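Inspection log for the structure reproduced underneath, given as structure tokens.
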Amino acid sequence: MGNLPKAVIFDLDGVITDTAEYHFFAWKQLAEELGVTIDRAFNERLKGVSRIESLNRILALNPEFKDMSEEEKSRLAAKKNEYYKGFIAHLTPKDVLPGVKQFIEELREKDLRLAIGSASKNAPEVLKRLELEQIFDYVVDAAKISKGKPDPETFTNAADYFGIPYEQCIGIEDSEAGIQAINAAGMFSVGIGQASDLAKANYLIKTTAELSYTAIIKCYNHRK
Ligand code: BG6
Ligand code: MG
């Protein structure tokens, strides 16, 4: 793999900022109201997944919800979103995760194109509160795509916008569904989290503080 990467596509929730925690708290609250308990291990299956699909996965925990109407599901999904919006209302630029800004500066110096690839309808609001709207060349949010992660569309949409071959793109994710999406796109995947959740990542680090262009590029150049 002689070619250097030309674009980096970042997931938002759990990569740029810790809003993955807020999604978890909001789902946990809604689930409790439904008499269902969800833990962090179960939450790994919700990360990166759309709002309605996340709700379906929670409802599947209790057979009593099997025949729930679409109307009732929409009401519950909207309720979860109200809880989530309550959390993100307090976001400030200080909530950008450690190492992220320095890493972005490193990438800018190398002249890479930068995008956000998020499944969230709240992505524009989160980026605004973090004051990061101007930093990215392009933002893929839930409104721009028809198939969510693990489908590769979130990532290929950004690469197509830039006109850059997929194999010259890097995707960064904290979710299993997201790593699957990056790999399915034929891009180089960087996972942030535990090996138990992100075993398929091409390059894995535990936290954003370890993000380094030099370290990633070494691994990128040695991939098959
Ligand atoms: C992803 C999160 O970024 O966005 C998921 O990882 C979330 O947990 C999904 O369900 C959809 O977000 P929203 O804000 O549109 O409900
Ligand atoms: Mg995420």
Side-chain angles (χ1 to χ4, degrees), residues 8-31 38-60 73-91 95-97 99-100 115-130 132 136 139-155 157-158 170-183 185 187 189-194 197-198 200-201 204-208 211:
V8 179
I9 305 156
F10 293 79
D11 173 43
L12 175 65
D13 298 319
V15 169
I16 300 289
T17 185
D18 210 6
T19 36
E21 275 297 281
Y22 297 157
H23 281 294
F24 174 53
F25 295 154
W27 282 126
K28 200 169 159 56
Q29 190 169 336
L30 185 87
I38 59 166
D39 59 15
R40 284 183 183 277
F42 178 81
N43 187 55
E44 289 303 318
R45 292 171 43 204
L46 305 183
K47 283 187 182 173
V49 171
S50 76
R51 194 181 307 168
I52 202 71
E53 179 55 22
S54 298
L55 176 64
N56 282 332
R57 289 183 187 190
I58 292 170
L59 295 177
K73 283 189 193 175
S74 298
R75 194 187 68 78
L76 292 175
K79 201 171 181 194
K80 180 268 174 177
N81 196 45
E82 285 311 308
Y83 297 150
Y84 180 69
K85 283 191 347 200
F87 289 121
I88 62 170
H90 304 286
L91 280 178
D95 293 304
V96 176
L97 281 167
V100 168
I116 288 285
S118 175
S120 174
K121 291 186 175 139
N122 291 292
E125 175 69 18
V126 169
L127 287 169
K128 189 172 154 205
R129 293 199 174 273
L130 298 175
L132 289 181
F136 295 95
V139 175
V140 183
D141 59 34
K144 284 210 177 80
I145 50 144
S146 57
K147 283 173 267 155
K149 303 167 190 176
D151 188 279
E153 190 184 355
T154 303
F155 293 91
N157 180 289
I170 293 174
I172 309 185
E173 266 288 348
D174 69 319
S175 72
E176 190 186 1
I179 292 292
Q180 281 173 15
I182 298 167
N183 291 346
M187 299 180 182
S189 57
V190 174
I192 299 177
Q194 304 300 318
D197 306 315
L198 308 175
K200 299 261 168 65
L204 183 69
I205 50 179
K206 286 204 176 71
T207 73
T208 53
L211 281 168

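Both counts, for ligands and for their atoms, begin at 1 and track the order of listing. Fair warning: this is a prediction, and the values are worked out from it, not measured in the lab.
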Lys85 and Glu125 ion-paired at < 4.0 Å:
no

To the Mg ion (ligand 2), the closest N, O or S atom belonging to Asp174 is OD1

Any heavy atom of Val49 sitting closer than 4.0 Å to ligand 1?
yes

Considering heavy atoms of the protein only, find what lies nearest to atom 11 (C) of ligand 1 and give residue, atom and distance to 0.1 Å.
Ala119 O, 3.5 Å

With a 3.5 Å distance limit and no angle check, can you tell me whether Ser175 reaches the backbone of Gly178 through a side-chain donor-acceptor pair?
yes

Distance filter under 4.0 Å to Lys121 heavy atoms, resulting ligand 1 atoms
13 (P), 14 (O), 15 (O)

Could you tell me whether Ser120 and ligand 1 have an N or O pair separated by under 3.5 Å?
yes

Numbering the atoms of ligand 1 from 1, which are under 4.0 Å from a heavy atom of Asp13?
1 (C), 2 (C), 3 (O), 4 (O)

Leu12 and ligand 1 - part of the residue with a heavy-atom distance under 4.0 Å:
neither

Decide yes or no for Leu97 and Asp18: does some side-chain heavy atom of the first lie under 4.5 Å from some side-chain heavy atom of the second?
yes

Distance check below 2.8 Å: does Glu173 bring an N, O or S atom to the Mg ion (ligand 2)?
no

Determine, step by step, whether Asp11 and Lys149 satisfy the salt bridge (Lys or Arg N to Asp or Glu O under 4.0 Å) criterion, reporting the C-alpha distance in whole Å, the side-chain angles of both residues, the deciding distance to 0.1 Å, and the verdict.
CA-CA 11 Å; Asp11 173 43; Lys149 303 167 190 176; 3.1 Å; yes

Which of the ligand 1 atoms, numbered from 1, are nearer than 4.0 Å to a heavy atom of Ser54
10 (O)

Atom of Asp13 closest to the Mg ion (ligand 2), considering N, O or S atoms
O

Tell me yes or no: between the side chains of Ser189 and Asn183, is some donor less than 3.5 Å from an acceptor?
yes

Hey, what do you get for CG (Asp141) to CG (Leu12), rounding to the nearest 0.5 Å?
10.0 Å

Pair Lys28, Asn43: side-chain N/O donor-acceptor within cut-off below 3.5 Å
no

Minimum-distance N/O/S atom that Asp11 presents toward the Mg ion (ligand 2):
OD2

For the atom pair NE2 (His23) and CG (Asn122), what is the distance rounded to the nearest 0.5 Å?
6.5 Å

Ligand 1 atoms nearer than 4.0 angstrom to some heavy atom of Asn122 are 13 (P), 14 (O)

Min side-chain heavy-atom separation Ile58-Phe42 under 4.5 Å
yes

What atoms of ligand 1 come closer than 4.0 angstrom to any heavy atom of Arg51?
10 (O), 11 (C), 13 (P), 14 (O), 15 (O), 16 (O)

Taking only non-hydrogen atoms of Gly48 and a 4.0 Å limit, the atoms of ligand 1 in range are 2 (C), 5 (C), 6 (O)

